[in-house]
Each structure stands twice: as C-alpha cells, then as structure tokens.
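These notes concern the structure reproduced below.
Just so we're clear, the structure is a prediction, and the values are computed from it rather than from any experiment. Naming: A, B, ... by sequence-line order, numbering from 1 per chain.
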Amino acid sequence: MLLEVSNLRLYFKTLRGDVKAVDGVSFSLDKGKTLGIVGESGCGKSSTANAIVRNLPRNVSRYEGRICLEDMDLIPLSEDEFRSKIRWRRISMVFQGAMNSLNPVLKVGFQVAEPLIIHKGLSRGEALKIVEELFRLVGLSSEIVNRYPHELSGGMKQRAIIAMALTLNPDILILDEPTSALDVSIQAQIMNLLKNLKRKLGISMIFITHDIALASDICDEFGVMYAGELVELGSAEKILPSPKHPYTQKLLSSIPRLHSDKTPEFIPGAPPDLVAPPSGCRFHPRCPYVMDKCSRENPPNTLVNGGFVKCWLYK
Amino acid sequence: MGLGKTLALKGLTLIVVLISVLLFTVLIIGASGLSDRVLSSIMNEELRGIRQKLTTQIRDPEELNRAMDEIKQDLVKAYGLDKPWYARIPNMILRIVTLDLGSAREVQTFTGSNRISDIILERIPNTILLMTSALIINFVLGLVIGPRIALRHGTKMDKAISLYSAISYALPTWWLGMLMILFFSFKLRIFPFGGMYSVPPSEDTFMRFLDLLWHVMLPLITLVLALSGSWIYITRSIVLSVAQEDFVSVARVKGLPEDLVRRRYIVRVAASPILTNVVLGLAGSIAGAILTEIVFDWPGMGTLYYKAVMSVDESLILALTYIFTLIYVLARFILEILYVVLDPRVRL
Amino acid sequence: MEPILELIDIKTYFSVRKGLFKTLTVKAVDGISMTISRGEVVAVVGESGSGKTTLGRTAIKLIEPTSGKIVFKGSDITNIKGDIKWIRKEAQIIFQDPFSSLNPYMTIKQILEEPLIIHGVEDVSEREEIILRALNNVRLSPPEDFILKFPHMLSGGQRQRVCIARALVLNPSFIVADEPVSMIDASSRAEILLLFRELQEKYSIGMMYITHDIATAKYFSHNISVMYLGKIVEYGPTKEVLKNPFHPYTATLINAIPDPDPENRFRERSIVPGEPPSPINPPTGCRFHPRCPQIIDGKCSLSEPISREVDLKHFVACHLY
Amino acid sequence: MSFIRESFSEFWASNISKIGILFLAILVAVSIYTVTTLPLDFGVRYWYNPVYWVDYPKSAQPEWINIFLSEKLMSHVELSISKASGIKPYNNRFIKYYNVSYNHECNQFPKFITLRISDLLFYRRDSPPIVRFYVTRPDGRTIELYTLAIETISSNATPPFRYFSMEPKRILLSGDIYLARSLVSFLYREFNISLGTSGVLEVGSEKIIFGSIGGDNTFTPLIGRYVFSAVLICSDVNDGIGMFNVVLGGYVYGLMGTDVLGRDLFQGLLFGFPIALIIGVGVSLLTTFIGAGLGIVSGYIGGRVDDFIQRFADTINNIPLLPLLILLSFIFGGRLWLIIFVLVFFNWPSLTIIVRSMVLSAKASQFIEAAVAIGASRLRIMVKHIFPQVAPFVFAQMIFFTPYAILAESALSFLGLGDVTMPTWGQILEYGFKNGAVFLGYWWWILPPGLFIVYSAVTFVFIALGMEPVVNPRLRRWK
C-alpha cells in the first residue's frame, strides 16, 4: 500500500458557515496503479487533491484525518518537513488551470528544472539537461526549454507541466482535470502520453475529472465523490460495467456514447450546498431509489463486489 | 513586428503628446488674452522709463510725443504685439523644442543670470535632493512592507498599515509640513524654519553639507510620512493580486521554500507594475512637490514654477512645462523599454 | 423541405492589426456552402480555430461575411444593413457559456422580457404569459419560482435553460446553438440535449448545432458537417458519417471520444499528431495534410481536394476518394 | 435587488465603512447647519470685509485654552446698552446716562478699548447733543475718556436728525490723544504723578485705565467692577443713543480663535464644510459621469470615436497634471465653478481609459452578444447591459476620487488660486501661512483647517476602503 487516506476532512470558513468540501474521505492507492476520482463539479474532488498536497487557502477551519504515505502520516508533519520531504519528491501535482500554472516571467525550462535545483542541489546546467530529457519523454522538443510560457500552445504547456511534475521521480502524481481546457485531439494526445508514462515509469496516479469516459482511459480504480463524500470505490472492471451506487449509475448513464444507441439519462436537480448538505445520505434528494431511512441516517460503507458502496440499498 | 518598430511607434506617440502639451499651454495663455496683457504691460513699463529719460533731453512736448510714438512702434514690433497672439506661437514652440529656453523676467540664479537654462540647472539638483530621495525612501519602504502585509492580509498589522495608508492619502503633505515646522521648528526649535542653508552660509564645505542635511531633514521626513502610506498600499495591492495566481500555489506545491516563492513568483511578477509607479513617480518628482517646496521655502523646481505662474513669465512657464513634460515622456519611453526587459509577455 | 437558411460560398476574414502598417488576414471561414431546412438540425463539428463559431455568427449576421451569399427564408440578407430586426426575431443564437451569457444584473424575468420589449410586445400581461410559457417549456417549473431570481442563483444547467427560453420567446424559425452543453456538467448535458431535441421538433425549428464533441451531435442532428481550418471536409447524414467516416480527420474526432470501458486503458488511442495550424497562414493543398496519417505524397500538399459525393448525400473533400 | 443588498451587507461588515458613514453623516449635518445659519454671501459680506472684524481681537487664541492654563487669559468682552439707564434735567437741558458695567477678574490688561455708539438721534437743529464718556473704576475713581460733539445742522433737513445709523461711530481709545491728556491730569490729580502725554502713550492708555499704580510707577491690573458710561447732554427729551457698546480686546476668543484680521475662525471654518462637500462631490460626480460615459462610448462603439477619445485621454493622461492645473487655475480660476471645471477637465481621462478597458472585456461577454442577437439597439446595450457591469467600479472610483478633489481644491486655495468670494480651509491656511502663523506659533490658525481637510477626505477614503471588497470580488467574504 503506497498511499492510504482515511477519514480526511477539509472545511473552509465562510460568512455563511463552514463549507464541508471534503468530509470523511478514505481510500488507498497501490504502487503503479491509477485511481480516478470522479463526480460533478463542486463535489470536493479538487479539494481532496489539495488536501493531500496540503495546498490550503487561508480560510481553512478544519483539516484532519490520516494521510499515510508508506506508513508515514503526513498530517502531523511540520510545514517545513512536508515541504522538503514530501512535496514534489514523493507527491507532485498537475493543476487544473494549466494556462495559469506557469510563471509568465520565467523561462519554461527553468521552471521545470527548479525542483531539481532546489531539492537535489543540481546546478542549473545539469538540471536543464535532465529537463531536456524529460521534455523528450513528454513529446516536447528541447528548444522549448528556452521559451516563455506565453509562447507555448495549451497542449505544449500541459506537456511541460507534466514534465515538471515528473522531475523528481515522485511516487504519486496527482492530475486535477489535466485536459479539460484542451481540444479533443490534443486531449487524446495527452491521455496517450499519460498512459505511456504510467507504463514506462510505473508511477502511481490520482486522476481527477468529471468525465468518467476520459478517466476510463487510464484509471484502474474509481472513487466516485458526491457532496464531499466518497460514495463508491472499486476497480474499473467492476464499476464501469456494473455500478452499484445510484449516483454512479446515473453518472455513467448520462454520458453520450458514440458506440451505443442508448439515450443518455440525466440526474435531475443540482449538487447540494456544502455548507448545509442534506441529512442522512447526501444523495437522497436526487436519488430514484430513495427510502425513508435515507434522509435520516448516513449509510455506512458496505463491501459489495470487491469495492465499497455507501448506500442503504446494499446494507 | 520588431521590437525597434514598437519602440519607435511609442516614441512617436510620446513626441505628439509633448508637442500637444506645449501647444495647449501656449493656446491657453494666448487665447485667454493673458499673453497680450502681460506683454503690453511690460512694454508700457519700459516706455515709461524711456519717457522719463527723454524728458530731460527733449523739452518740446510735441516733439517728445512724436519721439515716443516712434519708440513705441519699434517696441510693439519687438515684442510681437503688432501681430495677433497666435502668430507668435510657431516661433515660440520651435525655440523651446530646440531647447533655446530664453530668459526669465524676474527670477535669477544665485549668480545673477536670468537665462532660463541656467536657472533650471541650478534648481534641478535641489529638487532631486529633496523629492527624489524622498521618493526612493518611500519606494523602499513600500517594497519592504507592502509584500509582507500583503501575504498576511487580514491580520492586525495589515489593518493598521492600511489604516495608516488611508489616512496618509487624505493628508495634504503641505499641511503636514506646516505642522512639522510648527512643532519641530517653532516649539522644539530643533530644525530650521525652511530654506536650504543657514544665512549666512558657512564657508567650510563640510559644515555646509551638514547644514544642508539639517535643512533637508524636516521636509524629507514630511514627504516620507505623508506619502509612504500610498506606496505601501499600492505595493500591497499589486502583490496581493499576484499572490492569488495559480502559479504561486504551483510553486508552493513544488516544494519551493516560502521566501523563494515570494521573491521569484510574487515580487518578480509584480515588479513591472511596481516599477511603473516608481519611474513615473521619479519623473513626476522633478516637477517637485510645488506646495511642499513653498512651505519649506525650498528653492526647487516647484517654487520656480509657482513664481513663474504668479508673475506670468510666459517663457519661464513654457520652458518649465516643456521640461516637466519632456522628462515625463522620456520616463514613459524608458518604461516601455523596461517592460520588455522585465516582462517577456511584452516582447512581440 | 423548404430551406430556411442557405449559405453560398461564405468567406469571413478578419484582419488583425500587427503594428502600424501590417495587417494579417485570418481566414476564419473560407468558402462554405450549406443549406438548412425547416425542422432540420445540422451539426457543425470541429476543434477550436476551425471557424465553426464564426460560421454560426455569420449565418445570422452577427458578423458580416467578407464574401458569399446568405439567403434566409428566401430573401438575400447578405447586404442588408439597416432593417435586420426581423432577422433578429426569426433567427436566434444560444451560446456556449451559460455563466456569461446572462446579464448578472438582470432578473430572469427581465432577461426574458427584453426581446419582447425590443420587438414590440407592449402588453405587460401578454409578456408575462409568454415568459411563463417559455419557462414551462424549458422545464423551469414552477416558473414563478424563477422569474425573480438572478442568474447567479441558478446552476449551469438551469441557466442554459434560461438561455433556451430567451431564444424561444420570439418564436424563431432558426437557431444557432454554439456548443450549448460544453460548459455544463456531464451529468446534466443529456438533459439539455434532450430538451433541445424536444423543442426543436415541437416548433419545427431549423438549427445549426455547433460542437467539438461529436458524440453529442449524434443525439439530435440529422446531418453533420466536419470543419477543419475554415473548410468543410466532410458532410453527410449523421448516422452515416459516424458509422463510416471517410475523412481521416473525422475519424480522429470520433476516436478521441472514448466510451467508458475498462479495456480502454490497455490500448493506445489512435490520434493525429501535432496541433491545428494557425488560420492566418493555413497549409497549402489539403489543409489537414501536415497531420494526416494517410497523406499521399506529392498530392495532398499541392492541390486542394474538392468536395465529392462519395456515398449517397455523403460528401468528403479528400484526395483519398 | 438582491446583489445590492448583498453588496451592502458586505460593505457594512467592516468597521471602517461604519466609521466612514458616521463621518459622512456628521459632515453633511454640519454643512446643512452652516448653510441654514450663515448667509450664502457670507464670504463677500463678512469674511472678506475687514470693517466687519475691526472690533474683534486680532490673533486671539480659542477661549477654551484657558482650561489648560493656570494664568487665565483675558476673554474678549463686548458690552452694550440700548436704553438710557437714567435721565436728569440740567440747565434747560437733559442728561441721559448709558451705563454698562464689567467685572474684570483676570490679571491682564485689555488689548485695546473701543467705544461705539450707533443711531444718535436728536431734534434741535441749533442745539445738537454732546456725548461724554467716562469710566468708573473699582477704586471709585472716574476717568473722562472722550467727548463727542455734534455739529449744528445748517442744512434745511427736517428733524429728527439721525447720526451713525448706517455705520456706528467708533472711538478707538488706545492711542487716542484726547484720552492721553485726560489721563495725564487723572494721574496728577489722583496719584500726584506727572507723566506727559507721550509718557502716557508709551505706557498705554489701557494700562492706566485698568491699572493700579505700584510703588515704582508700574501698573498692575486692578481687579473689580468697572462702569463705563456714555453721558448724553441734550436739549430735547427725545434725543438719545440707539446703542452704546464698549469693546475690551481680549487674548482669547470664541471656539476657534481669530486670525490676524480679527476674523472669527469658527465661522470661516464652518463655512468650509459645505464648500468642501460641494467641491468633493461635485468634481467627483462630474468627473466620473464624463469619464465613465466616454469610456463606455469609446469602448463599445469603437472605431474612430474610440481613437479620438483615446488619443485625447492619452495626451492628458501623459502629462504631469499639477503644474497645468496651477496654470489653468491661475488663468481661469478665482470662482468655485471654474475650479470645479478645471479639476474635472484634467481628471476624467484616467477613468475613461480604465472604464474603456473594462467595457472591452464586458463587450466580449456573451450576454452582450446575446443582446445584439435579440436585436437590442446600441444605446440600449450601453445603458442596460454595459453600464451595470462597470457601475460598481465607477461608483467606487467616484467615492475614491472625492478626497482627491477636496485635497486638490485646498492645494489650489493654498496657492492663492481659490474662489475669492468664499472662505475655504485652504484659503484660511494660505492666509495663515502668508502671515507667518507657522513662525509665530499660531497653532489655532493652522491646525483646525488642515484637520478638517483631513477629516473630510478621510471620510470618503474610509467609505471607499469599505467598498473595496464589494468591488473587488477577490476580496469578498461571501461566495
């Protein structure tokens, strides 16, 4: 077990009250595997990622749980320890806004090389040499090293950012919607690249997206998030063909498919406000199988089909 | 488009600005009739003097009048009053643009020259000594304190400094200057009331220097007290907006030490807007803080301009307007070049 | 069926000023002809920079074409300048971004009322009635709950439904839908698409459905045209094109959209390399040739392929055919 | 409108906004009070009319300063009586007494003494009245101060004859030679001291009148009750004095003291409130109106209109403003509305440039395109769709610009370029500075006007600061 997250909570303070962005999330990640975290926007996917790399805004009101990286609990680590031991060396991340992830006044190559210089103490020249290699790996020509971010297209920036995430050979790479701003053909290119990296480097990934079809390209396991909670967790082989949780079922059937003639369905209503989520099962107001119990009690995680489902239907 | 072309284009725009400002000034002084009025009053003054001299030589009143009429016609021509005010403009602007600034009517240099270029050259160092050093102090204060409070925004320290900035924005520097004189010069008697040197100035160069320092202290403190608030606040807001960009979080997650993140990812990116303020501030400071200079009786460009306006010395007003604008325009041009150096996005 | 919109060799160029003297021409739409009939939905599929959005805007004269002819409801509207109000009533557009396409300072009622005011529906109760009916139509019910809300109080899907309602209050005969679901959460996309199809059929509206996601086009377009760099490379009945894409580019677009399948991760997706070139300086010959996996040496880079009817009503512009 | 309510609650959440609003309320209240109590032509009629201030003490400190002093300073005193306190027949004539009394309690001499009578009325053309003035001191001694004789009337005007009705007769006792002679005899008679008139003038009449003499011929203030009387000797019983005043110049006056001309600074400073408010609000209102209007037109219409507006704005924005502002105020200034005009003229461009860029980005919003698509006219789009986008920013700019306008006007006033018909704080400071108030330590002349400038400016800065999170969504607390 490479990474084990249990009972992770991350709340933000606002004028209206605490936003329970991540509320008791548990999952684990094996070496070389990719976990997809999927769900609608505003369900806490990105916050989960940010909680793992401890990229927190100032208004955090609650940050607790266990994040164990090979038996080391990360939460009690001091800011400085976490920075020098974990960040980028063990866990690196590709952020959602690829367009804004690069400093506009520094050359791309230098930004990618920076972790090597800081963490490994390499000279700029040595670091840049490694960067050129990495660029080749992600399909960028080595001359890009000397370019500024604004001179790159969106796809090239995304490749550079992926290269940047790989500089220190991290154990875990977190990808937060890495392709959402890209065109479909470029998106396919990036997915192929990620697949290659996974195979070649054996790196573990957490892939965050709202698009299950896209996630199926790379993920071995799926965690489905709804309203700050993980409602279903299981392998791709189990979840994609036969989802258990009503939310997962709905999510899967809402995807317009090219190769089948089934009319897509939709989930009526909108995800709840995370300041005051519904009582009991948070999905109950939108659930087609809602029962009395659902609005009263929060369902426990039930072992079904080799994975966990958080639903009263399976209890 | 090449870099040279961009800059040439900017330069051209700024030259147009320069000429328009001069034209605007001349038009205002001319069209309001001020120019004609002042010129004729100067001429009449001169005529009166001549008449007094002539009365001792020419007894016959009729002959005197005839002689006076002739002299008057000559003078009218010499002053250009025979033509309408706008006919004088092209010449005037051409002279100014070629830096032939002419001579002032009343103001003189310490050594008695009334050539405007001499006067300006004498005054500029005085203004630089006061205004520019104040600006640099304020800039440094802004750069040291601004980012610090920006990254701790919402804290008590941030609130206190913001409050100080707000009040200092509402504080007229010249009034603060008067209070400073009232307190430190009148009440405590530890600083002089104004001026640059004691009268009579000391013979010894070192003592003169100390004397100068003693004199510059109070206006300098005033300028720093009154203006540092806005500098800190401006730096704070620029830094605050950069600090919220995504690439700053990326840098943190990359595991860069906090001070490096601050230096390389925040201040470095915030540099060009901050620099804009500094360079424009520097350029503006040449015009002097007119009111502060008056309050402290500081013989700089500000008091010079004030005197020029009050005595309607057209050539001096024009020359100073030209110099102020020229420096400002040059600063803008330098900024364009600096942007290119600092911000790769500007490079086309 | 009677054609509602005919585009004949439409070209829309933009000039981009670079510096003082140099202007560059962006050939966003470069010679496109298309006919859309009443009740017909034509999907225009392409990536960003393909000119599909410009085409949609040009079709309803939000952008003036550089050359070509636009015939709307039988009259040539290409050069009309002043009296275009009737076109604005008959032809509507729905935008991609439901967040920025509603004025945040207006209530839903004000937003829906505006077109009615502009087009002279003076009776207040009549306007109210139309608005309530439109809201019911887009399933924002009960409508009374929504009319006094501001856009920011609604979810993305709800906002897009308001946009649809706004387009419908004037009873248009033609609608351009510019990526109407691309910014909506996957879970509510289907809802909007189904609503679209229902309303389009109910009112027999001609529609140009612009999208980069060929999968959504499948659900309610009759015909599909695939655009690449300002040109249509393939056109035909939707089912036909999806089943049997002729143009290599169309095949790429289809391949880029996976179905959720656990087997996906064990196979490479077939992709085209590189990125779309800039429409300022498009490649010679076939514009797709630098990225084309099936390039014919000495042909594709030199001569521009002409659109041919390869199958029944299925056109393709490619040297392979 | 819910966003207005939300914005307001966001605004109201910070203390600084509350303070700002409180300050503004005070500012407005004082201005309204001033406008309703002081005449609108206060400037010309009183402030710039030196005659009006003749009997006020010059450069007097505020009265409340005595609270902090162990040795109290003499307050300014003006005594008056309008009805005769007694009447007596005397040799076919009448004597009317007009007595006013004053209790002198402080250990100082008055700065000056002035007698004033107004509205002298008499009926006998051939026998006009005579007025004699006396003072009776606490020690019972009486000094004759002055005699006023009225000439006989030779014209054929009809009685009653009225003197000093338009302007009172003012008798300045300090330095008066008649009084000096009277004091010479007084000193000799009562104390057996011989002092010539020049000697008396040297000591000062006030000191002799208000002094008790010490051993070595020094005068110390005599504490106690003084009675000043005007004695009217007249031939007709109806003759009389309308008003008799005695002014004893003090060292402290009123709430705010006086300036070198004796002007009551309190009144001048009070009048500064409405002017600051008018300048601040007027200039910022006009500037934002023009600036935002042109910015919207420039940004939305584009093309040549845009080019023209932007060139113009660029030019003005590219020059150091203060010098030109001074020049223009010198040439055109002197009146409030001209100063407002000059300030507006030079300041709209910066707003236009910013608003234009905001409009350009708002123009790219799809709801603008949507409005075009439903056939909305340009005007409708600008008013209904674009303006609301920039409105919060423009409103905040307007508030933020107000202190600038107040400060700019006071700076121009300080340079002597203010409105010549009404007192402003800047002008009061200018006059103080020119008259050496700073070098003489007249703090009460320098401190309050500046404090009021800061007060009114800070009011708007606080409100603007409170609005910052409303306008800049990045700083918002609610999402």
Student check: side-chain heavy atoms of [X] and [Y] closer than 4.5 Å:
X: C:Asn103; Y: D:Gln389; value: yes
X: D:Phe367; Y: C:Pro104; value: yes
X: C:Tyr105; Y: D:Pro392; value: yes

Check whether more than 12 heavy atoms from other residues, nucleotides or ligands sit under 6.0 Å from atom [atom1] of [X], and answer yes or no.
X: D:Tyr455; atom1: OH; value: yes
X: C:Phe14; atom1: CZ; value: yes
X: C:Glu144; atom1: CD; value: yes
X: C:Lys69; atom1: NZ; value: no
X: D:Phe387; atom1: CZ; value: no
X: D:Lys384; atom1: NZ; value: no
X: D:Phe393; atom1: CZ; value: yes

Heavy-atom cut-off 4.5 Å, strictly under: side chain, backbone, both or neither for [X] against chain D?
X: C:Leu62; value: side chain
X: C:Ile117; value: side chain
X: C:Ala91; value: backbone

Please report the interatomic distance [atom1]([X]) to [atom2]([Y]), rounded to the nearest 0.5 Å.
X: C:Met106; Y: D:His385; atom1: CE; atom2: NE2; value: 4.5 Å
X: C:Phe95; Y: D:Ser365; atom1: CZ; atom2: OG; value: 11.0 Å
X: C:Lys89; Y: D:Ile374; atom1: NZ; atom2: CD1; value: 12.5 Å

Minimum heavy-atom distance between D:Gly375 and C:Ile118, given as atom pair plus value: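 Residues D:Gly375 and C:Ile118, closest heavy atoms: O-CG2, 3.4 Å.
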Ionic contact status for C:Glu114 with D:Arg380, cut-off 4.0 Å: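 Yes, charged N to carboxylate O under 4.0 Å.
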Any donor-acceptor pair under 3.5 Å from C:Ser100 side chain to D:Gln366 backbone: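 Side chain of C:Ser100 to backbone of D:Gln366, a donor-acceptor pair under 3.5 Å: yes, one is there.
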Chain D interface, residue from C:Ile93, C:Asp97, C:Asp178 that has the most non-hydrogen pairs under 4.5 Å: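 Highest number of pairs under 4.5 Å: C:Asp97.
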